[in-house]
Amino acid sequence: MLCAVTLIPVFLILQGASATSDSAPTTFTSYFDMLNLITSHLAGLETTIRSSGDDVLPNIYCSILSILLLPLYIANSKIRMKEKIVYVILIIFFVFSFNNNWFNFVWHALHFPNDLPYRFSFMYSFFILVIAFRALKYIKGVEYRDVAFTGMLWIFAVIIMQKYSTNKMTEYTIYLNIALILVWSAFLLILKKGKMQKAILALCVFCVAFCEIIVADMNSFLFTQYEKDYVVHYDTYREAIKNVYDNDSSFYRMELSYLDTRMDPCLYGYRGMSTFSSMAYEDYSQNQYSLGNSSNRINSYTYNTQTPVYNMMYALKYIIKTDSSVQPSADYYTNTYITKDKNAEVYENDYYLPVAFSVSEDVKKWEVEEGNPFEAQEDFIDRAAGVSDVFIPAEVAGFDSDGASTDEITENGTYYFSKLDEDTTSASINIDIKNVKDGNLYVYISSPEIENVNYSWDNEEHTHYQSINEPNIIDLGYHKKGDIVTASLECGSIDTDSSFFDFYAYNVDKEVFDSAYELLEQGAFNIEKFSDTKLSGKVNAGFDGYLYTSIPYDKGWSVYIDGKKAEIFELADCQLACKISQGEHSVVMKYEPRGLHYGAAISAASWLGLIGYFLQKKFKIVKKKDNIVETV
């Protein structure tokens, strides 16, 4: 009850988060053998990170001293049987939770984690440490033979574990744990004798525990990437971002044209689109995938240089070009800054719209379906602004294949292919894409099997590589009408003999795009003040319609138009929107986690009750003392 101010809002938020969207299991299954779980208590094991693969076990190692003290706790004559029974039941309960799919599902808020399994294991470790502390506190309640027998029992167990070892164990693990068992057993025998000063004993415990951490824990983590790989561009990008915020203090989004991590907005400190969070909205993640961003459709979406239509829809005012991306088009962006090392350039979007603007009522029918992301963006422009054909299909000038056969590729669509030799690792499909207008070429290729695409033009003088494990729209830069860009799909290393791919290539009709922007800009939300939870300003709607926002829908949002609370709804099943009438309006958008007021009231009442209880208790003690004094 004291924590209700946070627990109630978190409970309500979890109901809409991607991390709680799984279905409950219909059958009971076990994950591992019990002997394997016992091995997880040993030191020097490789940490479990992934939820898939062999020997997926909880990370429950919390020192060899702790597991030595477990049997001594049970054998201790000075500890009440009732207490022992409670802790043994708790251990059995946690072990069952680890090894049962249904209990594991419930522990993870009705969800099976993609990775980092058994996230509640720290509670088990906490109880093991409490038990060990109790055993150590009442060490006088055991005999010397109990300590010696426990040490020998664990050494024998480690030898058995060597015979049936898991992938987490090595020869180093076996000998390290035997050595630690001997050292800690000797310490317990000395402690049991009770002739050494407590300060010296405490220092010995500290030193041995520290040594165990160094030789055991530091060997438990497998590093495949290093910090320097993530922060190699940190100073450059921070310089560019600082320049933007120093010169423009209004509210907007910006993005890097190519991200170093999944969470560059967090790493570099800017307001962006890219997100990777278990608290993300799954429908919004699916929406971003369908619009051509890299996304796992669940809890992450990563920005890559998008179309001018997308950048306008999602309030991207600045794009920071990195050294590995294509030059933004001068038709849509203006260069405003180049970093000192020349490795990053800031471009301002000439077609920027804020996070909210008024659109036609027809936008309520906007459909975002997985498949062709250009059609999803086109459908928004058609319905929001009443203009059509902002995207023009590029032409397929020709195609050929090497080591593979494919359907005849003539236009945008889905095509099937197969390898001519199932054992070959070298096969490709080449598609010649012809620009139909002067301007940038945008391409989207996806496949369940093909992972890499290489682009080339000007007789291979210019090339660009793209990984399509998580496909995304790619901006291939400016090309004149009639120019040819070749897309080479690498299909030699696929795991199957045949598969398919989706191919979409478009140019943008700038005149149509200009007309859409001019109409939508008139109803832009002019943000005058903003904070983490509030936006306020004015909107001049040119017609009765809807206030579109690129903000993920959440029931915690409230929109006030001219002081009156508007009814919000989910646009495209994931974005915040509400009705707005023609004319100039003051608009305030507020966010408050649902349940915050109820939680705050419960917490406040609980704190008052607790304080009152202690005051009453203290008053009784004082009154009792006064009565004793009077009696004397």
Side-chain angles (χ1 to χ4, degrees), residues 14 17-64 66-67 70-71 74 86-132 153-154 156-174 176-177 216-217 219-222 224 276 278-279 282 296-300:
L14 280 172
S18 65
T20 56
S21 60
D22 289 344
S23 300
T26 55
T27 58
F28 287 91
T29 58
S30 298
Y31 293 123
F32 46 75
D33 296 329
M34 294 308 297
L35 180 61
N36 290 348
L37 180 65
I38 295 175
T39 67
S40 295
H41 295 80
L42 299 182
L45 301 176
E46 181 185 322
T47 308
T48 299
I49 301 296
R50 304 300 179 191
S51 295
S52 58
D54 298 327
D55 297 328
V56 180
L57 298 165
N59 300 313
I60 51 178
Y61 159 71
C62 52
S63 86
I64 295 302
S66 297
I67 63 172
L70 282 178
I74 301 298
V86 170
Y87 278 116
V88 168
I89 291 173
L90 276 171
I91 290 175
I92 294 172
F93 172 72
F94 273 100
V95 168
F96 183 74
S97 297
F98 290 142
N99 204 23
N100 180 271
N101 62 327
W102 200 88
F103 272 76
N104 190 36
F105 175 77
V106 173
W107 268 112
H108 290 99
L110 308 182
H111 172 69
F112 289 113
N114 297 320
D115 282 315
L116 301 175
Y118 311 111
R119 300 187 189 192
F120 59 95
S121 60
F122 72 93
M123 298 183 187
Y124 173 85
S125 298
F126 173 76
F127 285 117
I128 295 297
L129 290 170
V130 171
I131 292 170
L153 180 67
W154 272 110
F156 179 73
V158 170
I159 294 171
I160 296 297
M161 294 174 195
Q162 182 184 25
K163 177 69 175 175
Y164 303 99
S165 64
T166 68
N167 292 334
K168 309 292 182 184
M169 299 172 63
T170 64
E171 288 297 313
Y172 172 81
T173 306
I174 301 301
L176 170 65
N177 281 277
D217 282 6
N219 193 54
S220 301
F221 297 94
L222 177 64
T224 58
F276 193 152
S278 294
M279 301 300 290
E282 186 169 351
N296 64 4
R297 304 182 181 92
I298 302 171
N299 63 356
S300 78

The criterion is side chain to side chain contact (heavy atoms under 4.5 Å, CB included); which residues satisfy it with Phe127, sequence neighbours excluded?
Tyr87, Leu90, Phe94

Identify, with sequence neighbours excluded, every residue that meets salt bridge (charged side-chain N to carboxylate O under 4.0 Å, His left out) alongside Asp115.
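Scan of Asp115 (salt bridge (charged side-chain N to carboxylate O under 4.0 Å, His left out), adjacent residues dropped) gives Arg50.
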
Specify the closest pair of heavy atoms between [X] and [Y], including all atoms of both residues, with the distance to one decimal.
X      : Y      : result
Ser125 : Asn59  : OG-O, 4.4 Å
Arg119 : His108 : N-NE2, 3.0 Å
Thr173 : Ala43  : CG2-O, 3.3 Å
His41  : Ile67  : CB-CG2, 3.7 Å

How long is the straight-line distance from [atom2] of [Y] back to [atom1] of [X], given to the nearest 0.5 Å?
X      : Y      : atom1 : atom2 : value
Leu176 : Ile64  : CG    : CD1   : 7.5 Å
Trp154 : Asn177 : CH2   : CG    : 9.5 Å
Lys163 : Ile174 : NZ    : CD1   : 13.0 Å
Met123 : Ile60  : CE    : CD1   : 14.5 Å
Leu57  : Glu46  : CG    : CD    : 11.5 Å

Applying side chain to side chain donor-acceptor pair (under 3.5 Å), name anything that partners [X], two or more places apart in sequence or on another chain.
X      : value
Ser40  : none
Ser63  : Ser66
Ser121 : none

Derivation of the side-chain contact (heavy atoms from CB on, under 4.5 Å) call for Thr47 and Tyr61:
CA-CA 10 Å; Thr47 308; Tyr61 159 71; over 6 Å; no

Kindly say whether [Y] contributes a backbone atom to a donor-acceptor pair with the side chain of [X] at under 3.5 angstrom?
X      : Y      : value
Asp55  : Thr166 : no
Trp107 : Ser97  : no
Thr48  : Val56  : no

Applying side-chain contact (heavy atoms from CB on, under 4.5 Å) to Ile91 and Ile128, what does each step give before you reach the verdict?
CA-CA 8 Å; Ile91 290 175; Ile128 295 297; 4.1 Å; yes

Show me the donor-acceptor pairs, under 3.5 Å and distance only, between side chains in residues 28-39 and residues at least two apart or in other chains.
unit_1 : atom_1 : unit_2 : atom_2 : d
Thr29  : OG1    : Asn101 : ND2    : 3.3
Tyr31  : OH     : Asn104 : ND2    : 3.4
Thr39  : OG1    : Asn36  : O      : 2.4

Ile74 vs Leu70 side-chain heavy atoms within contact, under 4.5 Å
no

Heavy-atom side-chain proximity of Leu14 to Leu110 below 4.5 angstrom:
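Counting from C-beta outward, Leu14 and Leu110 never come under 4.5 Å.
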
Ring centres of Tyr124 and Phe98 under 6.0 Å apart?
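Under 6.0 Å, so yes.
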
Taking ring-ring contact (aromatic ring centres under 6.0 Å, His included) as the criterion, tell me which of Tyr118, Phe103, Phe105, Trp102 meets it with Phe112.
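Checked Tyr118, Phe103, Phe105, Trp102 against Phe112; only one passes ring-ring contact (aromatic ring centres under 6.0 Å, His included): Phe105.
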
